[in-house]
Amino acid sequence: MVKVLFFARLRQQLGREETILADFSGSLGDLRETLCEQHPDWRPHLQREDIRMALNHALANTGDRVRAGDEVAFFPPVTGG
Amino acid sequence: MVKVLFFARLRQQLGREETILADFSGSLGDLRETLCEQHPDWRPHLQREDIRMALNHALANTGDRVRAGDEVAFFPPVTGG
Amino acid sequence: MEAVDRIAVCETPLDVAGEYAALQGSSGDGACALFVGNVRDFNAGRDVCGLALEHYPGMTEKSLQGIISDARSRWPLGRVTIVHRVGPMQINDEIVFVGVTSPHRQAAFAACQYIMDRLKTEATFWKHETISDQSGNTLQRWIEARASDAAEMEKWSAG
Amino acid sequence: MEAVDRIAVCETPLDVAGEYAALQGSSGDGACALFVGNVRDFNAGRDVCGLALEHYPGMTEKSLQGIISDARSRWPLGRVTIVHRVGPMQINDEIVFVGVTSPHRQAAFAACQYIMDRLKTEATFWKHETISDQSGNTLQRWIEARASDAAEMEKWSAG
């Protein structure tokens, strides 16, 4: 099971703050493609060039391996401070 | 009349915090030389290379003109903050 | 010099005086540099009525801890405090407090600025504003990241 | 952004919380950078029991005003506060508070650091320490100016 979180503008665009992939194996890029196939209306939002990805609370890239129990997140550029 | 002030280590070395030159006319360098002639034991302290001079609350040089009513000061490098 | 970190993400108003007192208290360091950011009343040409921040619990704290560790590897630091507010807030409310003590003034300044620059570009906070337009309507708007913040980070890589 | 200067030379303990509150209060600026310097308990290899500062009344305030004016000509600043303590003080007492507000974080940091660098090399304050040697005797010693402070000023001329 992989937990996927969405934040800020992206959370509002997708209309939800998390989704669960019960049985996933592959790279972070594969995971994003899986989500886009399940929810075609998410694709323009998830594939925006400025969307960041995190794996277990650290910034990550499409090539990073996702394992069962991992926490993945997608979010726009940060704007704190 | 020109009022001359001394600060910090220099004040302690000269044993006084101010002196008055009743009738002086000349440059700041002349003024220092006048003090050294009146007080030969001040010379090594007043002529130290690191001693700063101020004229009317602004840093000044030996060539600056001193006029009646001016306030002159001699002091070591500052160490505030 | 006593190395103590304090990282807090809170929904309540920042207590700048209290944070400063705790930071400086027994640090023994000669220099203390602080930064406080607060809600401006004007942004990109419209009036801001209020602002709210969300964050990514867990990742936020981890990224702030990483930033402090990197700062400590660059400069001799005593205490370091980062407190960031989240949730709804008002104009002039304090959003972020960063405080650093060091035996050296330049190190305190540099570390405080470094921490703010990295926080701005890496820590997982997102702001949205409530703005009122000229007809008096209010709307929510997510703040866009600024290219200037990313540019500021570049200077730390060059050195 | 409201341009207000506050310059104070005082014999009483610094009220950092009060100075911050007054500075930030109604500035309307998004960024506030602060520096606080205090009495270290160790300097040049001997224990410091206490410290005293003298200054040149009149020239001190004039030089601080000149430093603030120059900072304002370099960066967009809101409020600027410099408070410097004089007279006898103890270890960990605060000696100097510099606070700057600005719409821009980088300007606030740069101006705060610039003011401290110039204050260190120009403002007419002199410190002397009471130190105890290994046999337990105490003596007075005037602090020597540090070449590193003059070197820090160089970087502002280069720019």
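Computation of the quantities below employed the complete heavy-atom set of this structure, encompassing side-chain atoms and omitting hydrogens, waters and symmetry-equivalent molecules. To find a chain, count down the sequence lines: A is the first, B the second, and so on, and within it residues start at 1. It should be emphasised that the depicted structure is a prediction, and the values quoted were computed from it without experimental measurement.
Interface remark: of the candidates C:Gly58, C:Gly37, C:Ala150, C:Gly58 forms the most heavy-atom pairs closer than 4.5 Å to chain A.
Below 4.5 Å, heavy atoms of chain A meet heavy atoms from C:Leu119, C:Lys120, C:Thr121, C:Glu122, C:Ala123, C:Thr124, C:Phe125, C:Trp126, C:Lys127, all part of residues 117-128 of chain C. Along residues 64-81 of chain A, the residues that come nearer than 4.5 angstrom to chain C, judged on non-hydrogen atoms, are A:Glu71, A:Ala73, A:Phe75, A:Pro76, A:Pro77, A:Val78, A:Thr79, A:Gly80, A:Gly81 in order of number. Listed in order of number, the residues of residues 45-58 of chain A that approach chain C to under 4.5 Å between heavy atoms are A:Ala54, A:Asn56, A:His57, A:Ala58.
Not counting sequence neighbours, the partners of A:Glu17 by the side-chain contact (heavy atoms from CB on, under 4.5 Å) test are A:Arg11.
Residue-environment remark: CG (A:Asp23) stays at or below the threshold of 12 foreign heavy atoms within 6.0 Å.
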Criterion side chain to side chain contact (heavy atoms under 4.5 Å, CB included) on C:Met59 and A:Leu5, from CA distance to verdict: CA-CA 12 Å; C:Met59 182 160 174; A:Leu5 305 175; over 6 Å; no
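Pairing each heavy atom of A:Phe7 with each of C:His55, the nearest pair is CE2-O, 3.5 Å.
Under the 4.0 Å criterion applied to side-chain N and carboxylate O atoms, C:Glu144 and A:Arg9 are assigned as salt-bridge partners.
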